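See structure below.
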There are 2 protein chains.
Amino acid sequence: MLRISKLTDYAIVVTAAMAGDPKRIFSAAELSSETHLEPPTVAKVLKMLTRSDLVQSFRGASGGYRLARTPADITVAQLIVAMEGPIGMTQCSVHQGLCSTEAVCALRGHWQQISRAVHAALSEMTLLDMTRPTITHTLVPELKLHNQTTESP
Amino acid sequence: MLRISKLTDYAIVVTAAMAGDPKRIFSAAELSSETHLEPPTVAKVLKMLTRSDLVQSFRGASGGYRLARTPADITVAQLIVAMEGPIGMTQCSVHQGLCSTEAVCALRGHWQQISRAVHAALSEMTLLDMTRPTITHTLVPELKLHNQTTESP
DNA sequence: GCAAATAGTACAATTTTAGTCCTCTTTACC
DNA sequence: GGTAAAGAGGACTAAAATTGTACTATTTGC
C-alpha cells in the first residue's frame with residue numbers, strides 16, 4: 001500500500017491539532033485528549049518531533065509543546081522525514097552498498113529520481129493546508145480535474 | 001523511510017529484465033538467474049503480476065512469462081498497485097471506517113489528495129524509462145515532461 | 001505418458017512496528 | 001527550599017507484517 005507508519009500518521013494528527021492554535025503551548029496530556037490518542041504514544045511522537053526541531057518543548061511545570069514554525073512553514077515531507085528518516089522507496093535509494101544485487105541492478109538511479117519526485121509532492125502540502133477544508137487545495141495540475149469530495153469527517 | 005516492500009522491488013527488477021526483450025517468453029528460472037534473485041521469489045512475484053494482467057503467463061512445457069504490454073505502457077505505479085494494492089499513505093486514504101479516530105480527524109481528505117499526488121508522480125515513470133540510463137530523465141513535478149493521464153483508483 | 005513449466009496455497013521464521021513503563025531532569029509556585 | 005507538574009531518554013515486551021520457502025495440482029509440448 002506504500003504507507004507511512006502509524007507513528008508518522010499520529011505525528012501529523014498531533015501537529016495538525018497544534019496548528020489550530022500555533023502560539024499556544026500544549027501539554028502532551030492535552031494533545032492526547034484532543035486527538036484521542038493514548039498519552040504515551042503522543043508523548044513519544046512529540047519527543048521525536050522535538051529532536052528534529054519541528055516542535056519546541058518547554059520543560060517543568062506548565063511546560064509543554066508548541067510548533068517551532070508557523071503551520072505554513074511545516075510540510076508533510078518534513079514531518080515524515082522527522083519520523084522515518086530520509087524518504088526513499090527502496091533501501092538502495094537511501095543507502096549505497098547494502099543491496100546484494102546492486103552490482104547487477106541498474107535501477108538505483110531511477111529509484112532516486114522517483115524518491116525525489118515523491119518528496120517534491122509531499123513538500124507541496126503544509127500543515128496549514130492540512131487544517132483547511134479538503135476541496136480547496138490542489139497539488140498537481142492533473143488533479144484539478146477530478147477534485148471530488150469523497151468524505152465528510 | 002516511506003518504502004515499498006521488497007517483493008515490490010523485486011517485481012520491478014524482474015519486469016525491467018523482461019523489458020530488455022519485450023517479445024520473448026522467459027521462464028521463471030531464466031529470470032532468476034538473470035536478476036540474481038532466488039527462484040521461488042521470482043516465481044511468486046510473477047504469479048502476482050500475472051493476476052494483475054501486467055504479465056502474460058504460458059503454462060506447460062516451454063511456457064513462461066512475457067510482458068502483457070510494451071514497456072512504455074507499464075508504469076511503476078501500476079506495478080506497485082499490482083503488488084501492494086491501492087496506493088495510499090494511510091489506511092484511511094484507502095478504506096473508510098477502519099480508523100478509530102476517523103470521526104474526530106479531519107485529515108482523511110487531505111491524505112487522499114496526497115496519495116493521488118504520489119500516484120501521479122509514480123505514473124510518470126514507465127518500465128521503458130527504468131531501462132534507460134539514469135541521467136536523461138527528470139521527473140520532479142515542476143520539470144514534468146509528459147502528461148500521461150492515468151486514472152486514479 | 002513424461003517432462004517442463006506455471007498455479008495455488010500454506011507455513012515458519014524473521015524483522016518491524018507499536019505501545020508501555022521506568023527513572024531522571026527541569027521548572028513554576030507556594 | 002520543597003513539591004508537584006511536565007518533558008527527556010532509554011529499555012523492553014508484545015503483536016503484526018513481511019519474507020522466503022515448500023508442497024501439491026494442473027497444464028502443455030513432444
Side-chain angles (χ1 to χ4, degrees), chain A residues 1-11 13-14 18 24-33 35-68 80 83-85 89-91 94 98-101, chain B residues 1-11 13-14 18 24-33 35-68 80 83-85 89-91 94 98-101:
Chain A
M1 187 169 84
L2 185 65
R3 60 168 226 293
I4 57 173
S5 75
K6 282 195 184 180
L7 235 39
T8 305
D9 191 357
Y10 299 157
V13 172
V14 169
M18 296 168 82
R24 175 169 158 209
I25 294 179
F26 296 85
S27 72
E30 285 171 336
L31 288 168
S32 163
S33 65
T35 58
H36 298 78
L37 300 173
E38 294 304 310
T41 304
V42 173
K44 186 177 191 173
V45 162
L46 286 167
K47 286 177 211 171
M48 295 176 78
L49 293 173
T50 301
R51 264 173 264 180
S52 298
D53 294 319
L54 288 170
V55 309
Q56 290 182 312
S57 70
F58 299 92
R59 301 180 68 163
S62 75
Y65 298 90
R66 185 175 65 185
L67 293 181
I80 294 177
M83 298 298 294
E84 319 205 344
M89 320 220 24
T90 57
Q91 194 175 50
V94 177
L98 294 180
C99 172
S100 60
T101 66
Chain B
M1 189 168 85
L2 185 68
R3 58 168 226 292
I4 56 174
S5 77
K6 283 195 184 180
L7 234 41
T8 306
D9 190 357
Y10 298 157
V13 171
V14 168
M18 295 168 83
R24 176 171 156 206
I25 294 178
F26 297 85
S27 72
E30 284 170 337
L31 287 168
S32 164
S33 65
T35 58
H36 299 79
L37 299 173
E38 295 305 309
T41 303
V42 172
K44 184 178 192 173
V45 162
L46 286 166
K47 283 176 211 170
M48 295 175 78
L49 294 173
T50 300
R51 263 173 264 179
S52 298
D53 294 318
L54 288 170
V55 309
Q56 291 181 311
S57 70
F58 300 92
R59 301 180 69 162
S62 75
Y65 297 91
R66 184 175 66 184
L67 293 180
I80 293 177
M83 299 297 295
E84 320 205 343
M89 321 221 23
T90 58
Q91 195 176 49
V94 177
L98 294 179
C99 172
S100 59
T101 68

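Residue numbers start from 1 in every chain, and the chains themselves are labelled A, B, ... in the order their sequence lines are given, proteins ahead of strands. Small disclaimer: the values here were computed from a predicted structure and weren't measured.
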Check: B:Ile4 main-chain N/O paired with B:Glu84 side-chain donor or acceptor under 3.5 Å: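 It does not hold such a pair.
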Donor-acceptor contact below 3.5 Å, side chain B:Ser32 vs main chain B:Ala28: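 No: the side chain of B:Ser32 does not pair with the backbone of B:Ala28.
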B:Met83 and B:Met48, any side-chain heavy atoms less than 4.5 Å apart: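 A side-chain contact under 4.5 Å exists here.
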How many whole angstroms separate atom [atom1] of [X] from atom [atom2] of [N]?
X: A:Gln56; N: D:dA8; atom1: CD; atom2: C1'; answer: 16 Å
X: A:Leu37; N: C:dT20; atom1: CG; atom2: C1'; answer: 15 Å
X: A:Lys47; N: C:dT25; atom1: NZ; atom2: P; answer: 15 Å
X: B:Glu84; N: D:dT18; atom1: CD; atom2: C1'; answer: 11 Å
X: B:Met83; N: D:dA17; atom1: CE; atom2: P; answer: 17 Å
X: B:Leu49; N: C:dA7; atom1: CG; atom2: P; answer: 11 Å
X: B:Met48; N: C:dT6; atom1: CE; atom2: P; answer: 17 Å

Letter per nucleotide, 5' to 3', of nucleotides 1-6 of chain D [B base touched, S only sugar-phosphate touched, - untouched; heavy atoms, 4.0 Å]: ----BB
Footprint string (nucleotides 10-17 of chain C, 5' to 3'): B base within contact, S backbone only, - free, heavy atoms under 4.0 Å: -------S
Minimum heavy-atom distance between A:Thr101 and B:His36, given as atom pair plus value: CG2-O, 4.0 Å
Taking atom [atom1] of [X] and atom [atom2] of [Y], what is their separation to the nearest 0.5 Å?
X: A:Arg66; Y: A:Met18; atom1: CZ; atom2: CE; answer: 9.0 Å
X: A:Thr8; Y: A:Arg3; atom1: OG1; atom2: CZ; answer: 9.5 Å
X: A:Lys6; Y: A:Thr41; atom1: NZ; atom2: OG1; answer: 10.0 Å
X: A:Leu49; Y: A:Tyr10; atom1: CG; atom2: OH; answer: 14.5 Å

Sequence-distant partners of B:Ser33, side-chain contact (heavy atoms from CB on, under 4.5 Å), two or more places apart: none
OP1 or OP2 of C:dA18 under 4.0 Å from side-chain N/O of A:Tyr10: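 The answer is no; no side-chain N or O of A:Tyr10 sits under 4.0 Å from OP1 or OP2.
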